[in-house]
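Here is the structure we will look at.
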Amino acid sequence: MRGFRTMGRARSAAAVAMLAIVAVLAGCGGGGGGGAAVPLGVALVTPATANGEPAVASSSVAGQCAAPRFGVDTDTGAAFPDQPGSVATEKSWVRAWIDETYLWFDEVPSVRAADFATPIDYFGALKTPKLTASGNAKDRFHFTADTADYRALSRNGIEVGYGFELAFLSAAPPRDLRVAYTEPGTPASQAAIGRGAKVIAVDGIDVAEGADVAGLNAGLRPAREGEAHSFTLRAPDGIDRTVTLTATRITRTPVQNVETIPTPSGRVGYLLFNDHMATAEVQLIAAVNQLKGDGIVDLVIDMRYNGGGLLDIASELAYMVSSPAATTGTVFERMQFNSKNPFHLTAAQMIVPFRSTSRGFSVPAGLPLPQLGLSRVTVLTGPDTCSASESVVNSLRGVGVAVNLIGDTTCGKPYGFYPEDNCGTTYFAIQFQGVNQQGFGDYGDGFAPTCTVADDFGHALGDPAEGLLAAALGFRATGACPVQGPSKADVGRSKAETGNVPYLIRPPARENRIVTRP
């Protein structure tokens, strides 16, 4: 099983070992959320009488914690709502929250709370066992996260690390780890570690064949600030060097490499967009204003590594790309909940419009957003393109904007969450499916590309010679997809992408469609 490091208290069936792995990561949205796997064919029961355990309202046991938090929550300025409780009351809340809000509450297997050590383990078993048309798990996105860590990442883009994003081209021996990109101003960028660098050794442990998986994981995913680990890296030119990196709090820059590319038929804009987080709002507005000032006639949005995030950020981006004719009075995304309407929303509250003004994530709320007025856009995609990123594609197509996809099939996540904190853990249970203006949202197996192109780690992102971007520019000029080269690296990457295997090992909180309660 291909593993990954989760955030804080986050747990997943795929979080056991990052590298001693031979199968597919449990979905690009984070995976199993913990607990024992539930075999297909187990009895399904109605939630009100699951296993004979008494049904309770989630509100009646919310915040009754085995280890309550005390004092003031610095995020909200209010006292923590926790009261003394027990593991059993936390499990009761988990069961009730699933029964009330989970999109597929009537497909949840019959499992006993007493059979699970923790509420997180129990939560991991409370999901549908059904499959998509291609045989993927329908819900491969169920997860939890430590509340404080989740808020730090989603609001401020902060997490502990070195500042590089690693791509696992092969997670089983012989392993192949490459640097996908680096964040500016971080230890990785200061050490001049660039895209395409191959990780040869970590703390002297051979990456390709090393048996010390725990040692590799410890170096690759540091748990605390101040940890120092050595890395032997091979640059694309074949030169090896060893550097020592010290983990620090990394502030992500979700929008990078904003460029205007001259072509015979007009200027084409390009931007790398990696995360739908709060700080992306100000950066996307600045990028669109820059490109609009440059007089672009077409746009390439590079979301090959964008796992999603805030749905309102996706809506703002889609509005800024398109025109008033497309977005006025139309739906960006309509949320479809279970038959209980668990959050008691009106029909209007279930609609996310194309946001024409800022939402106040990182600029003042209510500012008019610029528009490029484009009737077509190209998006660079791959198996790490997920959730809110797919909403941009689906929603633009829903209002008649032509969206060409260059790269490979997206992750397939038309679902989203209202994150809910209970006792210091934030729970992410799928609560809605998003559909566009035309009512379409059935892409559980992802969006297929217009042109299939293997990821190119030999060129910088934004370089017109980089494989996906070059293919996008070529397709725009000729309407033809490129013929893929038969190189061994390309073939290997194509196989991984065709299998819808994500490259990046990220906290599942970075791979979502997240909305805030009305």
Assess whether a salt bridge exists between Arg175 and Glu209, defined as any Lys/Arg side-chain N lying under 4.0 Å from an Asp/Glu carboxylate O.
no
Treating Tyr305 as the side-chain partner and Gly382 as the backbone partner, does any N or O pair qualify as donor plus acceptor under 3.5 Å?
no
Go through Asn274 and Asn306 one step at a time and tell me if the side chain to side chain donor-acceptor pair (under 3.5 Å) criterion holds.
CA-CA 4 Å; Asn274 291 328; Asn306 192 321; over 6 Å; no
Going by an N to O cut-off under 4.0 Å, is there a salt bridge joining Asp384 and Arg304?
no
Any donor-acceptor pair under 3.5 Å from Glu100 side chain to Trp97 backbone:
no
Tell me yes or no: between the side chains of Tyr270 and Asp302, is some donor less than 3.5 Å from an acceptor?
yes
Determine whether Arg397 and Val403 make a side-chain contact, defined as any pair of heavy atoms from C-beta on separated by less than 4.5 Å.
yes
Any side-chain heavy atom of Leu291 sitting closer than 4.5 Å to one from Val258?
yes
Glu107 bridged to Lys127 by N-O distance under 4.0 Å:
no
Does the ring center of Tyr415 lie less than 6.0 Å from the ring center of Phe432?
no
Glu316 with Arg355: basic N within carboxylate O range, under 4.0 Å
no
So that I know where these two stand, are Trp93 and Phe123 an aromatic pair - ring centroids less than 6.0 Å apart?
no
Please examine the side chains of Arg476 and Asp298, heavy atoms only from C-beta on, and report whether any two atoms are closer than 4.5 Å.
yes
